[in-house]
There are 2 protein chains.
Amino acid sequence: MILSHVILGLLAVAPMTGYDLKKRFDTSVNHFWSADKAQIYRTLSRLVTDGLAEVKIVRQIGLPDRQEHHITEAGRATLGEWLVSAPDAHRERDPFLARIFFSGTLQRSEILALTAQRRMTAESLLNELLAQLAPGESAPQTRAEYMRFATLRNGISHVRAELEWLDEVEKDLP
Amino acid sequence: MILSHVILGLLAVAPMTGYDLKKRFDTSVNHFWSADKAQIYRTLSRLVTDGLAEVKIVRQIGLPDRQEHHITEAGRATLGEWLVSAPDAHRERDPFLARIFFSGTLQRSEILALTAQRRMTAESLLNELLAQLAPGESAPQTRAEYMRFATLRNGISHVRAELEWLDEVEKDLP
DNA sequence: TGCACCTAGTAGACAAGTCGACTAGGTGCA
DNA sequence: TGCACCTAGTCGACTTGTCTACTAGGTGCA
């Protein structure tokens with residue numbers, strides 16, 4: 001699965017707890033992958049049993065212990081292999097497009113309500129992505145940094161394409 | 001779930017067997033939804049037990065019986081409600097972007113191999129979408145037809161955005 | 001004083017999706 | 001003659017993903 005590889009990728013940058021990972025998934029990684037908390041913890045413990053990660057317990061004062069997961073050499077190797085392996089099958093799935101596909105029987109106004117909704121989520125997504133892009137705009141770009149920003153720019157391009165498509169639909173809708 | 005609604009949407013156009021549905025999912029609907037065969041048959045039988053669809057067995061000569069699933073009035077009502085209900089949560093998930101995000105440690109040539117792969121699949125997808133769009137290009141557009149083509153144009157816009165992004169990455173990659 | 005929210009993690013049930021195998025006949029081809 | 005592929009469908013095992021609830025203390029605020 002891909003989740004374990006994404007987790008390995010994040011652990012390769014810095015050791016993390018399940019809790020830390022969940023935050024990464026909800027912020028910096030959310031434009032291309034998402035994960036449920038329970039799923040993250042389950043995957044983490046599998047990485048440990050598979051020898052791809054190791055746990056170090058870090059005691060804290062006033063806070064619960066941190067189970068810091070460190071990537072192992074085997075983990076780095078697995079990650080490296082995945083990066084250059086055959087592409088994972090990817091199925092597009094978009095419930096909004098599913099509605100649009102079948103919305104021929106709706107009133108014009110109902111369809112415009114759907115597109116207006118979509119426009120709002122697209123615009124707020126665009127703002128999030130732009131905000132994430134902003135800090136490093138003029139920074140010296142290492143390759144790693146360039147690649148991370150590239151995924152953001154990918155998201156931005158797609159959101160913009162979506163907004164232009166919405167313009168068209170709202171204009172041409174018979 | 002969305003699958004049952006997509007199936008209802010397809011049954012609303014014409015009665016179909018699980019087999020027919022599978023073909024639709026692999027051709028005309030595949031740019032926004034996909035489904036496994038077993039999943040389709042399971043969902044169909046749940047639609048029947050829920051009273052949203054009915055089965056008519058059609059005998060054939062030389063071929064297995066067809067279990068034609070017809071949408072019921074209740075099914076149409078359910079579909080209609082879904083079309084205008086609150087938008088389904090939608091999480092973007094793209095394994096390719098996941099790789100790109102973590103590919104900072106790869107060689108330049110390895111990254112270019114990834115993008116070249118992506119370009120190939122994007123281009124063949126574009127051709128498929130254009131081929132699907134072609135037949136009705138100048139047809140008299142009913143609203144239903146317009147909406148179906150709109151989803152195709154959506155896919156085309158996104159693929160084009162992807163190709164432009166690939167151009168950029170391949171050009172700027174440090 | 002109580003409520004909401006933060007850190008950190010566990011547990012269990014359930015829904016959704018995937019994969020492979022199996023039945024069973026029909027057609028086309030080399 | 002045998003193989004591959006088509007129509008039409010069933011079954012079981014398994015993996016992923018989601019949701020809810022729980023423990024247990026700490027902080028901030030009104």
Side-chain angles (χ1 to χ4, degrees), chain A residues 1-7 10-11 14-27 29-30 32-50 53 55-70 88-95 98, chain B residues 1-8 10-11 14-27 29-30 32-50 53 55-69 88-95 98:
Chain A
M1 337 95 288
I2 290 139
L3 181 57
S4 58
H5 292 118
V6 176
I7 290 180
L10 291 170
L11 294 184
M16 280 187 232
T17 64
Y19 191 82
D20 296 335
L21 284 165
K22 178 56 181 159
K23 280 194 293 186
R24 289 285 181 299
F25 273 100
D26 289 345
T27 54
V29 185
N30 68 134
F32 63 83
W33 210 260
S34 63
D36 181 81
K37 187 176 150 179
Q39 192 77 7
I40 290 172
Y41 281 105
R42 256 194 314 238
T43 305
L44 268 181
S45 61
R46 233 215 20 222
L47 289 178
V48 171
T49 60
D50 289 355
V55 188
K56 278 185 199 158
I57 292 179
V58 179
R59 311 214 171 273
Q60 297 186 109
I61 18 168
L63 285 175
D65 290 357
R66 288 171 56 78
Q67 293 185 29
E68 256 184 14
H69 287 72
H70 296 248
D88 307 275
H90 176 43
R91 326 196 169 294
E92 289 300 335
R93 286 201 169 167
D94 191 334
Chain B
M1 340 94 290
I2 290 138
L3 181 57
S4 57
H5 292 118
V6 175
I7 290 179
L8 281 177
L10 290 170
L11 294 185
M16 280 187 233
T17 65
Y19 190 81
D20 294 335
L21 283 165
K22 178 57 181 158
K23 279 194 293 187
R24 289 286 182 296
F25 273 99
D26 290 345
T27 54
V29 185
N30 68 135
F32 62 84
W33 210 261
S34 63
D36 181 82
K37 188 175 146 177
Q39 191 78 7
I40 290 172
Y41 280 104
R42 258 196 312 242
T43 305
L44 268 181
S45 62
R46 233 214 22 222
L47 289 178
V48 171
T49 61
D50 290 354
V55 188
K56 278 185 199 157
I57 292 179
V58 179
R59 309 213 173 274
Q60 298 185 110
I61 19 167
L63 286 175
D65 290 358
R66 288 170 56 79
Q67 294 185 28
E68 256 183 16
H69 288 72
D88 308 274
H90 176 42
R91 327 196 170 291
E92 289 299 335
R93 287 201 168 167
D94 190 335

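Throughout, protein chains are lettered first and strands after them, A, B, ... in sequence-line order, and every chain is numbered starting at 1. Computed from a predicted structure; not experimentally measured.
Of all nucleotides in DNA chain C, those with any atom nearer than 4.0 Å to a heavy atom of chain A start and finish, going 5' to 3', at C:dC6 to C:dT18.
Applying the Watson-Crick and G-U wobble criteria (two distances, each under 3.5 Å), D:dT1 pairs with C:dA30. Pairing for C:dT7 is with D:dA24, a Watson-Crick or G-U wobble pair whose two hydrogen-bonding atom distances lie under 3.5 Å. In this structure, C:dT18 and D:dA13 make a Watson-Crick or G-U wobble pair, each of the two defining distances being under 3.5 angstrom.
Mapping B:Q67 and B:R91 onto DNA chain D by nearest heavy atom places B:Q67 closer to the 5' end of the strand. Along DNA chain C, the nucleotide nearest A:D65 and the nucleotide nearest B:D36 are compared for position; the residue whose nucleotide lies closer to the 5' end is A:D65. Residue order along DNA chain C, read from the 5' end via each residue's closest nucleotide, puts A:K23 first among A:K23 and B:M1. For B:T17 and A:R46, each mapped to the nucleotide of DNA chain D holding its nearest heavy atom, the one lying further toward the 5' end belongs to B:T17.
At the heavy-atom level, B:R66 lies under 4.0 Å from the strands shown only through sugar-phosphate atoms. Contact annotation for B:A35: no contact, since no heavy-atom pair falls under 4.0 Å across all strands.
Taking the side chain as every heavy atom from C-beta outward, B:M16 and B:L11 approach each other to under 4.5 Å. The closest side-chain heavy-atom distance from B:I7 to B:F25 is below 4.5 Å.
A:I40 has its CD1 atom 11 Å from the P atom of D:dG17, to the nearest Å. For the pair B:M16 CE and D:dG9 P, the interatomic distance rounds to 13 Å; values are reported in whole Å. Note: CG (A:L3) to C1' (D:dG17) measures 10 Å, nearest angstrom.
Checked by atom type and distance alone, the side chain of B:R24 never pairs as donor or acceptor with a backbone atom of B:V29 at under 3.5 Å.
If you check D:dA13, D:dG9, D:dT16 against the side chain of A:Q39, the one that comes closest is D:dT16.
Just one of A:L47, A:T17, A:V48 meets the side chain to side chain contact (heavy atoms under 4.5 Å, CB included) condition when paired with A:V55; it is A:V48.
Within a 6.0 Å radius of CZ in B:R66, more than 12 heavy atoms belonging to other residues, nucleotides or ligands are found.
When all heavy atoms are compared, the tightest approach of A:G18 to A:I40 is O-CG2, 4.0 Å. A pairwise comparison of heavy atoms in A:D36 and A:K22 identifies CA-NZ, 4.4 Å as the closest pair.
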